[in-house]
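Could you have a look at this structure, given as structure tokens, before my questions?
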Amino acid sequence: MTAADPRSVERAVAHAALSVPGVAGLQPGLGRSLADAAHAAHAAHAAHAAHAQHAPGAAAPAPAPGAGVRARYARDSGVWHVEVRCVLTEGRRALDTARAVRARARAAVNRQAPGGCVVAVTITRIVGDVRGRARTG
């Protein structure tokens, strides 16, 4: 059994992946994208309602900081399964960057919950070199 929870593992892996040169950001999966869109719609509705009533609006929960990373612990095998979805900047070999992301993600998981882990890195797209880029996660 492990004491680490999936959200803390996801946050640690996201931070590690974003520290790799050539990673422009993390791409959330469809489920996370839909949840973030619902969050934005709820926040806009709350702001509109607060303005109409001249009262402070209820804050919607913020999107998870590990967007673009999924972590699952398999109790039967004692192994973490982690998926990282990266957006890369052009000008670097995608394979080398993916390998570096995988190595740093493994190290991050092992710091959070020592034991086995399997890390899959998916490159979702490659963008032009973006200076001062905003990072997801």
What I'd like to find out is whether the side chain of Cys86 reaches to under 4.5 Å of the side chain of Leu26, using heavy atoms alone.
yes
Connected via hydrophobic side-chain network under 4.5 Å: Val101 and Ile126:
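Yes; Ile126 is reachable from Val101 via cluster members.
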Shortest non-hydrogen contact from Cys117 toward Arg106:
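Between these two residues, the closest heavy atoms are SG-CG, 3.7 Å.
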Polar side-chain atom of Arg104 near backbone of Ser19 as donor-acceptor pair, under 3.5 Å:
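Yes, because the side chain of Arg104 sits within donor-acceptor range (under 3.5 Å) of the backbone of Ser19.
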For Val20, run the side chain to side chain contact (heavy atoms under 4.5 Å, CB included) check against Val121, Val84, Thr97 and tell me which one passes.
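With Val20 as partner, Val121, Val84, Thr97 yield a single side chain to side chain contact (heavy atoms under 4.5 Å, CB included), made by Thr97.
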Under a 4.5 Å cut-off applied to non-hydrogen side-chain atoms, are Val82 and Val118 in contact?
no
Are the side chains of Val23 and Val87 in touch, meaning some heavy atoms are under 4.5 Å apart?
no
Mind listing the closest non-hydrogen atom pair of Ala4 and Trp80 along with its distance?
O-CZ2, 3.8 Å
Might you point out which heavy atoms bring Ala67 and Pro28 nearest each other, and give the distance in Å?
CB-CB, 4.1 Å
Considering residues, nucleotides and ligands other than His81, do more than 12 of their heavy atoms fall under 6.0 Å from its NE2?
yes
Which heavy atom in Gly115 sits nearest to a heavy atom in Asn110, and how many Å separate them?
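Heavy atoms only, the tightest pair is O-OD1, 2.8 Å.
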Interatomic spacing from CG in Leu88 to CD1 in Ile123 - rounded to 0.5 Å:
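It is 4.0 Å, given to the nearest 0.5 Å.
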Close side-chain approach of Arg72 and Pro6, heavy atoms under 4.5 Å
no
Ignoring hydrogens and geometry, is there a side-chain-to-backbone donor-acceptor pair from Glu83 to Arg70 under 3.5 Å?
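Flag not set: sc Glu83 to bb Arg70 has no pair under 3.5 Å.
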If you take all heavy atoms of Gln112 and Val9, which pair is closest and at what distance?
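Reported closest heavy-atom pair: CB-CG2, 4.1 Å.
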Please name the pair of heavy atoms, one in Ala24 and one in Val127, separated by the smallest distance, quoted to 0.1 Å.
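Heavy atoms of Ala24 and Val127 come nearest at CB-CG2, 4.0 Å.
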Just verifying a value: how many Å separate Asp5 CG and Glu10 CD, rounded to the nearest 0.5 Å?
8.5 Å
